[in-house]
A.B. asks: 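Got a structure for you, questions after.
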Amino acid sequence: MIVRYPELGELVMELTRIAQEEITHFGQVVERIHARGWVLGPERKDDYVNELMQFVRKDGSREERLVDRLLFSAMIEARSCERFKMLSEQVDDAELRAFYRDLMISEAGHYTTFIGFARMYGREVDVDHRWKDFLAYEAVVVARYGKAPTMHG
Ligand SMILES: [Fe+2]
């Protein structure tokens with residue numbers, strides 16, 4: 001988004017801040033993996049994310065595409081927030097529970113940031129309507145998956 005919309009200064013600065021926060025969290029996760037004597041695994045294909053991406057318009061105006069991309073990010077962040085909430089409530093390890101709770105709070109902030117930017121920049125778009133359509137689309141996607149435990153699927 002920074003590369004595609006470099007003229008949107010507020011967006012560029014906030015996305016930079018979020019990217020820094022996310023990479024800090026990534027480092028904290030890797031530390032915990034290493035502390036357990038494990039190694040980081042290879043990236044796995046994420047069908048859920050790929051299917052969500054199909055909702056993002058390739059045509060339409062530049063503004064419509066930006067709104068869709070922001071809503072896509074908002075959805076990812078909102079679902080991450082929900083997963084971290086569950087983990088923060090269910091995991092036995094007290095340190096991990098606190099860590100997941102911090103991540104939950106962070107992801108909630110990212111979700112509201114992305115929705116806020118969609119409303120701010122989507123002046124010609126009915127953002128609430130588009131978000132409802134996206135939720136309905138996601139519900140169909142999710143219904144096709146089983147109940148296997150995964151973090152991002
Ligand atoms: Fe995030």
Side-chain angles (χ1 to χ4, degrees), residues 1-36 38-58 63-91 93-122 125 127-128 130-142 145 147-153:
M1 273 190 276
I2 288 172
V3 171
R4 286 191 184 152
Y5 301 90
E7 77 282 12
L8 304 178
E10 208 175 321
L11 181 79
V12 169
M13 285 312 298
E14 189 57 23
L15 290 183
T16 302
R17 194 196 63 71
I18 288 175
Q20 288 167 332
E21 198 177 309
E22 298 282 19
I23 203 69
T24 298
H25 289 156
F26 173 75
Q28 291 169 336
V29 169
V30 172
E31 275 172 16
R32 283 163 177 79
I33 289 171
H34 289 173
R36 285 161 175 77
W38 301 338
V39 289
L40 186 65
E43 187 181 16
R44 283 178 295 186
K45 190 165 155 273
D46 196 326
D47 293 329
Y48 168 74
V49 169
N50 291 334
E51 285 195 71
L52 281 193
M53 197 43 138
Q54 303 300 312
F55 186 80
V56 176
R57 278 175 285 215
K58 311 282 181 293
E63 184 181 306
E64 285 171 331
R65 281 181 275 128
L66 173 61
V67 166
D68 279 6
R69 191 62 185 70
L70 287 163
L71 294 183
F72 167 81
S73 297
M75 184 75 82
I76 299 285
E77 301 288 352
R79 297 307 180 218
S80 290
C81 176
E82 290 169 352
R83 291 187 192 99
F84 286 130
K85 179 176 189 295
M86 281 191 264
L87 288 167
S88 72
E89 291 168 349
Q90 301 295 329
V91 168
D93 185 312
E95 193 278 331
L96 275 185
R97 271 202 308 277
F99 179 55
Y100 288 138
R101 194 177 151 69
D102 286 346
L103 295 182
M104 174 194 83
I105 293 165
S106 169
E107 300 296 69
H110 299 167
Y111 158 70
T112 53
T113 296
F114 283 118
I115 285 277
F117 275 134
R119 294 207 171 100
M120 184 175 139
Y121 291 120
V125 179
V127 173
D128 289 332
R130 188 71 179 150
W131 178 244
K132 279 186 192 141
D133 284 351
F134 194 20
L135 286 170
Y137 172 85
E138 192 227 14
V140 173
V141 168
V142 167
Y145 291 103
K147 292 182 178 169
T150 82
M151 266 306 291
H152 287 98

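Indexing begins at 1, ligand by ligand and atom by atom, following the structure's order.
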A.B. asks: To the nearest 10°, what's the angle at the Fe ion (ligand 1) between atoms OE1 (E77) and OE2 (E22)?
C.D. replies: 140°

A.B. asks: Do E51 and Y145 pair up side chain to side chain, a donor and an acceptor below 3.5 Å, judged on atom types alone?
C.D. replies: yes

A.B. asks: Under 4.0 Å between a Lys/Arg side-chain N and an Asp/Glu carboxylate O for D128 and R130?
C.D. replies: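 So D128 does not pair with R130 through a salt bridge.
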
A.B. asks: The Fe ion (ligand 1) to E21: any N/O/S contact under 2.8 Å?
C.D. replies: no

A.B. asks: Any N/O/S of H25 under 2.8 Å from the Fe ion (ligand 1)?
C.D. replies: no

A.B. asks: Take the angle between the ring planes of F55 and Y137 and call it parallel below 30°, perpendicular above 60°, tilted in between.
C.D. replies: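 Ring orientation, 0 to 90° scale: tilted.
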
A.B. asks: Rounded to the nearest 10°, what angle sits at the Fe ion (ligand 1) between OE1 of E107 and ND1 of H110?
C.D. replies: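 Output for this angle: 90°, rounded to tens.
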
A.B. asks: Using the salt bridge (Lys or Arg N to Asp or Glu O under 4.0 Å) criterion, which residues pair with E77? Sequence neighbours excluded.
C.D. replies: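 E77 satisfies salt bridge (Lys or Arg N to Asp or Glu O under 4.0 Å) with no residue once adjacent residues are dropped.
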
